Amino acid sequence: MSISSNEQEHRNGRPGGTNHVDMSLYPPFIKQLDAKLPDYTREGDIEYPFEEITGVGDENRIRGNWSNKSDYLLAVIGFTAGVGSFWKFPFLVFKHGGAAFLVPYLIMLCLAALPMFFMEMVLGQFSSSAAISVWKVVPLFKGVGFAQVTISGFFAVFFNIISAWTLFYLINSFSFSIPWSNCANSWSGENCTLGTRIQCREMNGTLLVNGSCVIEKSFSNETTVIPLHDLDSIPSLKYFHNDVLMLSNGVDDFGTLNWYLGLCVLVCWIAVFLCLFQGVKSSGKVVYVSVILPFIIITVLLTRLLTLDGSISAVLYFLSPKWDVLKDLHVWGEAAVQAFYSVSCCSGGLFTIASYSRFHNNVYKDICLVLVVDVIVSLIGCLLTFSAIGFTCYEFAIALDKFHIRDGFHLVFVFLAEALAGVPVAPLYAGLFFIMILLVVHATQMFVVETIVSSLCDEYPERLRRNRRHVLTTVCALFICLSIPFCCSAGLYWMELLTQFVLTWPLVVIAFLECMAINWIYGVDNMLDNAKWIVGHWPPCYIFWKILFKFICPLVYLSILCFLWLDWNSISYESYQFPYWSIVTAWGIATLPLILIPIVGIWQFCIAKGSITQKWWRVLYPDDAWGPALAIHRAEKFPLQIPEARRLLLPPEVEITASQRDLQVKPIGFSSINLFHFQEDIPMNGVLTGARSSEFGHQTDGRSVRSTGVTGDVKSIAATINTIPKFERETAI
């Protein structure tokens, strides 16, 4: 393995390549000893010490870190506070009792979203590994990581199409009169109706209480009645279907390709590629625009909408709580589903973002801050939507209790677009709105793609890590090819199938498996010990976290899964009913990521060495490489892994002399009876005790002994102290 000259000088201790020992890199108890370390003898491919965890540089020189804490926090916020806060949460509040819906939502946020969010952030930061490599913690479930990366691929295509639609709207907003504000277009059709008070007055009509406009033509003595409350004939819907999508008659009628939309897809993927070209160094700077600017824009839009007629009354009406909905179990199910999806867990993105954080970053504060911001963004999305509803109802002369909206694409691209078309200086506010949506979706898509790239590079570092840009180029090129078919006339129907099947219940299945693997196989105590190692103390209410992780979370995820399956019914869009074969196809695509879990699990079992029992131990206990990526962080708890410290602390009669042929035990495995066990078992006088360490999540009984070719037992080691194995040194590779 070749090492650059600068990196080699840094690893040797000082420029020039001499074996200078920097005492500042050692734990405090070593520096307090008044002794000179012996000369260092190279024992492997990479020398130690080489990590520098102080200063402003990267803590992990090989993999890299976020440039600063604000980059990291904005990245997490940009990934979690996605477009769902604007097209799903307001609809649920509108439909299920106004402010009363916040009660089940906040409760389910703590029971369903917080545990998984906590788990993925802690394990990602502790191991500095992305979605696949992090499953060294339980190798049998490594397929969960591959499933998460596969689902991230579907998310990447999904968000790219949303970005392309938004960019199409944004480009067409740069005009004196936005296209969907009138019916004078080739795509409008005969039944297109503006239906605003202004239009009725311009035509010298009379606005009736039922929302119709009566126009009397004096020259012909004719009376025309225009239904103003027909939301199926408004120009924004016509524009979305006929001009943006060129919508066909069915899911199997692909029709023609909208080349303008295809160019928007290409531009969005190029933007993602450029933002990720330098990894987290470049994406960490992009988030200052893609995360902060949407907050500024939404403040401007909300301020303007709240000054329009009917907006304040609508906000007060829809936010007034209707407490009877708390008795409906269906409302609690909807709240649990929305809370689970709101933090974007189980797609691998949280593992990836946290893996680039510094090891001793206070993850507790970050989790609380991100969840609070996520709730605030959802509430702001409600205020924006309800104020737009109030203005629309005023324009259409519709009573608030008679108004109905749809979630998803309709809420953003039809209803809110129609509401902003009626605002004075409409092109300005419509342009700001679609810039905000574009940045929000782009921030999420950016880290979805980063999850795929980082996961592949971490899993195959020898081949891919140095060629990261080639991996990024290949991934973007592949997803461009997968995104183009959605620009055809049937693209909207397939987007609906993705939304209803592929991007929903498979995430809940992954959450349940992840919860069982970490909390029951690896051990919730070990996971919380890892969090303590990172922060310096356990999270408050330790017993509550244990009960939540081990018992409540699995039941909650099973309940959510049952709710999604039992609440399922036939899918339709407008008046179109999806054929049976398309639904079966969607179920098949949804199960594709989940099939990888047993396949990879069987493969892990087959390649494990040893007898059947040893194979089960190897796939159920953490892999030998599990733990902090940097040796200096491992040495905080177990300094005997460092050759210099081991020679200093162990007297000559306890010096390690046996070779691996006598007893082969892998170093830093954290899952076997290894260096960490011996570290606490060997006092300075050379007497071996029976204490065991569990800092890395190893079992503390005899079952955790995992070795190759060991014919003796542990008692023989205690009898002959110089048979303690000589352990290899772990590095950051």
Side-chain angles (χ1 to χ4, degrees), residues 10 51-82 117-118 120-131 133-134 152 272-295 343-345 347-371 373-374 439 442-458 461 465 468-469 471-472 530-531 533-536 628-630 632-633 732:
H10 177 66
E51 299 103 344
E52 181 180 348
I53 62 174
T54 59
V56 295
D58 285 343
E59 186 177 74
N60 191 326
R61 296 298 180 89
I62 295 176
R63 195 171 182 271
N65 297 102
W66 297 106
S67 298
N68 51 62
K69 181 67 174 288
S70 57
D71 292 6
Y72 162 68
L73 287 177
L74 290 176
V76 182
I77 292 172
F79 179 72
T80 55
F117 191 77
F118 179 94
E120 295 191 352
M121 293 288 285
V122 166
L123 294 179
Q125 182 173 320
F126 178 75
S127 63
S128 297
S129 300
S133 298
V134 75
S152 292
V272 170
F273 174 80
L274 295 177
C275 292
L276 297 178
F277 190 72
Q278 295 291 341
V280 295
K281 298 301 181 185
S282 56
S283 61
K285 299 301 179 285
V286 173
V287 292
Y288 287 93
V289 176
S290 62
V291 177
I292 295 179
L293 186 57
F295 282 95
V343 296
S344 305
C345 56
S347 62
L350 295 177
F351 282 131
T352 302
I353 295 175
S355 68
Y356 288 102
S357 179
R358 288 180 173 265
F359 183 78
H360 286 299
N361 172 62
N362 192 335
V363 68
Y364 300 157
K365 293 182 180 179
D366 299 341
I367 291 172
C368 295
L369 175 63
V370 172
L371 290 181
V373 171
D374 184 68
L439 291 175
H442 177 76
T444 305
Q445 181 191 0
M446 186 168 56
F447 292 109
V448 167
V449 177
E450 179 63 40
T451 297
I452 300 172
V453 175
S454 295
S455 298
L456 294 176
C457 292
D458 286 350
R465 181 168 288 168
R468 183 190 178 280
R469 293 176 183 175
V471 177
L472 175 63
N530 298 156
W533 190 338
I534 292 173
V535 182
L630 302 184
I632 196 167
H633 290 142

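Computed from a predicted structure; not experimentally measured.
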With side chains defined as the heavy atoms from C-beta onward, is the minimum distance between S454 and F351 less than 4.5 Å? no
Rounded to the nearest 0.5 Å, what separation is found between the CH2 atom of W66 and the CG atom of L73? 10.5 Å
Residue pair I367 / F117, side-chain heavy-atom distance below 4.5 Å: yes
Could you grab the distance from atom OG of S347 to atom CD of E120, nearest 0.5 Å is fine? 7.0 Å
Between N65 and K281, the two heavy atoms sitting closest are O-NZ, 2.9 Å
So do the side chains of Q125 and Y72 get within less than 4.5 Å of each other, counting heavy atoms only? yes
Hey, are the side chains of M446 and H442 touching, using non-hydrogen atoms and a 4.5 Å cut-off? yes
Report the residue from S128, S355, S129 that forms a side-chain hydrogen bond (donor to acceptor under 3.5 Å, both in side chains) with R63. S355
Are there over 12 heavy-atom neighbours, none belonging to K285, within less than 6.0 Å of that residue's NZ? yes
Using 30° and 60° as the class boundaries, would you call the ring planes of F126 and F359 parallel, tilted or perpendicular? tilted
Minimum heavy-atom distance between D374 and A81, given as atom pair plus value: OD1-CA, 3.8 Å
Under the criterion side chain to side chain contact (heavy atoms under 4.5 Å, CB included), which of I534, D366, V535 is the partner of N361? D366
